[in-house]
Amino acid sequence: MASTSDGDRPWQSYHTVFTNAKAGMDGVDKEKVQKTVYEMSKGSKYFENEQRKEAFIKQKIENLRAQCAQITANDISYFQTIADKKMSELEASRDLSKIWLHSDMDAFYASVETLVDPSLNGKPLAVGSMSMICTANYMARKFGVRAAMPGFIARKLCPELIFVPPDFKKYTFYSELTRKVFPKYDPHFIATSLDEAYINVTEICNERGISGGEVAEELRNTIYEETGLTCSVGVAPNRLLAKVCSDINKPNGQFVLPNDRRAVMTFISSLPIRKIGGIGKVTESMLREVLGISTCEEMVHKSAHICALFSHSSSDFFLSVGLGLGKTDTPQFKMRKSISSERTFSATEDESLLYQKLDEIAETLSNDMHKEDLSGRTLTLKLKTASFEVRTRAVSLQKYINSKQDILSHASKLLKAELPLSLRLMGRKPCLTPRQLLNHCLYLEQMVASLVYMILIYA
DNA sequence: TACATACAC
DNA sequence: GATGGTGTATGTA
């Protein structure tokens, strides 16, 4: 009986986000990557904090399991009725009349850097620093290097790795070039980040009598002509599925899921839940370890249990995923709800230094708010201690504020109440309220001025 | 309303 | 030596 306990291979129990399969990661020696990440992290403050978080999640899963064990046959038949009703309502809302594209630029920041400096071509490249990598090109991904990985670990995995510091001006410029292409296909396209967008091509397809796949081909060609960059595109009847599809034939590829219920259900039946946007590391573990769910289809098989264990909004989401449903409309406009500024610095217990950092953050935040003519009335101070513990402290004010002095004075009070401690990161963030236009000023419910320092706490 | 978590890029 | 910054949503008290 071979034992595979943590004692034999301790790295197996260190669950990072890097264990998730990502485009360009096929053929990577995952065991080796996992082991390297573990070895490089082990013993650090960061690692210890991750372990605390893991233990907390484990406990949460245990609690859910216990709850699950209490469910009686009677309960199940009751919740099955609830689930069936929910699912038939969801099914009734199914709309197969729309064709959505999700466009996702390939290794965007890294590709832009290579375009600007062709000498980088053919070399493993990371955009970021020794602390954090924003994007890795496909050559680097072969070594297990990827976004959100600290650079010093990436260098261990790939000693030849070239680092380029991020330059958001460049990425914004190229992003804008792509955003000049999308309106030709959908004037109301939805940009979700610099490198991703949803495009409703239903009308274009009807007008020109062509398929979604044909539009996707044309769009990719046009983007390449206009920018010199490649993207991958997913085509599907709703946005959730289109997003999944854009990842399938990355890079420089596309995947079409036809507007047909059977095709959607077949697609969903074997799809791992982790591929769905909104289902991350924790949710995946909860569903797998408590209910044995790994594929989207199993959400439907376990629908009664889902309704018994989770909130309305969670169970609605899980069941709609199981049915392959997603948003098909274009929201009118979405309003910003908060604004924030945060900065990480090396741990300090020097209070005057902390107030100085707070001053800088208040200034940045105030400037950012003025640019958009925003004010807020809830101010949150965010602190990160040297042990990576995050704390937030908030105040809601009588008046809406956006000046540096107002932000600073309220944030200082919040900080004062927390001292003494040693911080790494401070941030303040004003949260915004539903938009009220007053004197041409947008009033936000909340403002968060987050000064992110690491705070060292001395017992 | 305050705070913490989870998630995405 | 070293693990980010910005924003959204949700659960709980």
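Order of the sequence lines fixes the chain letters, A, B, ..., with proteins taken first and strands second; residue numbering starts at 1 for each chain.
Taking only side-chain nitrogens and oxygens, S131(A) never comes nearer than 4.0 Å to OP1 or OP2 of dT3(C). K53(A) has no side-chain polar atom (N or O) that falls below the 4.0 Å cut-off from OP1 or OP2 of dT5(B). For the OP1/OP2 pair of dA2(B) and a distance below 4.0 Å, the side-chain nitrogens and oxygens of R393(A) include no atom meeting the criterion. OP1 or OP2 of dG11(C) has at least one side-chain nitrogen or oxygen of S313(A) nearer than 4.0 Å. Taking only side-chain nitrogens and oxygens, S338(A) never comes nearer than 4.0 Å to OP1 or OP2 of dG7(C). The phosphate of dT1(B) has OP1 or OP2 within less than 4.0 Å of a side-chain N or O from R377(A).
Between I153(A) atom CD1 and dG4(C) atom P the separation is 11 Å, expressed in whole Å. Taking atom CZ on F388(A) and atom P on dA2(C), their separation rounds to 9 Å, with Å as the unit. Distance CD1 (I190(A)) to P (dC9(B)): 15 Å, rounded to an integer number of Å. One interatomic measurement links the two molecules: CD1 of I361(A) to P of dG5(C), which rounds to 9 Å at whole-angstrom precision. As rounded to whole Å, 13 Å separates atom P of dT5(B) from atom NZ of K281(A). Rounding to whole angstrom units, CE of residue M132(A) and P of dG4(C) are separated by 5 Å. Separating the CZ atom of F318(A) from the C1' atom of dC7(B) is a distance of 12 Å, rounded to the nearest angstrom. Look at CZ on F168(A): it is 14 Å from P on dC9(B), rounded to the nearest Å.
The 5' end of DNA chain B is approached more closely, in terms of each residue's nearest nucleotide, by T392(A) than by the other of T392(A) and G280(A). Remark on DNA chain B: of its neighbouring residues K60(A) and S193(A), the 5'-side contact belongs to K60(A), judged by nearest-heavy-atom nucleotide.
As judged by a 4.0 angstrom heavy-atom cut-off over every strand, I133(A) is placed among residues making no nucleic acid contact. Across all strands shown, E196(A) has heavy atoms under 4.0 Å from sugar-phosphate atoms exclusively, and none from any base. The residue T135(A) sits apart from the nucleic acid: no heavy atom pair falls under 4.0 Å. In this structure, I57(A) reaches the sugar-phosphate backbone alone: every heavy-atom distance under 4.0 Å involves primed, P, OP1 or OP2 atoms, never a base. Counting any heavy atom pair closer than 4.0 Å across all strands shown, L194(A) reaches no nucleic acid atom. Across all strands, T192(A) comes closer than 4.0 Å to no nucleic acid atom at all (heavy-atom distances).
Using a 4.0 Å cut-off between charged side-chain N and carboxylate O, D167(A) and K170(A) make a salt bridge. A salt bridge links K404(A) with D359(A); the closest basic N to acidic carboxylate O contact falls under 4.0 Å. Electrostatic pairing of R391(A) and E418(A) counts as a salt bridge here, judged by a charged N lying under 4.0 Å from a carboxylate O. Contact check on R65(A) versus E62(A) returns a salt bridge, with a Lys/Arg side-chain nitrogen under 4.0 Å from an Asp/Glu carboxylate oxygen.
Spacing of P atoms, dT3(C) relative to dA8(B), comes out at 23 Å, to the nearest Å.
Here the side chain of T364(A) pairs a donor or acceptor atom with the backbone of E360(A) at under 3.5 angstrom.
Donor-acceptor pairing under 3.5 Å, judged by distance alone, is absent between the side chain of S44(A) and the base of dT3(C).
For S396(A), whose side chain is taken as the heavy atoms from C-beta onward, the closest listed nucleotide among dT6(C), dA2(C), dA2(B) is dA2(B). With dT6(C), dT1(B), dA4(B) as the candidates, the nucleotide lying closest to the side chain of K382(A) is dT6(C). For F152(A), the side-chain atoms get nearest to dA2(C) when compared with the rest of dT1(B), dA2(C), dA6(B). If you check dA2(C), dA6(B), dG7(C) against the side chain of T283(A), the one that comes closest is dA6(B). In the set dC7(B), dT3(C), dG7(C), the nucleotide with an atom closest to the side chain of R336(A) is dG7(C). Counting only heavy atoms from C-beta on, R274(A) has its side chain closest to dA8(B) among dA8(B), dA2(C), dG4(C). In this structure, the nucleotide among dC9(B), dT6(C), dT8(C) sitting nearest to the side chain of K243(A) is dC9(B).
Defined by atom type and a distance below 3.5 Å, a donor-acceptor pair is missing between the side-chain atoms of S412(A) and S409(A). A donor-acceptor contact closer than 3.5 angstrom is absent between the side chains of D350(A) and T348(A).
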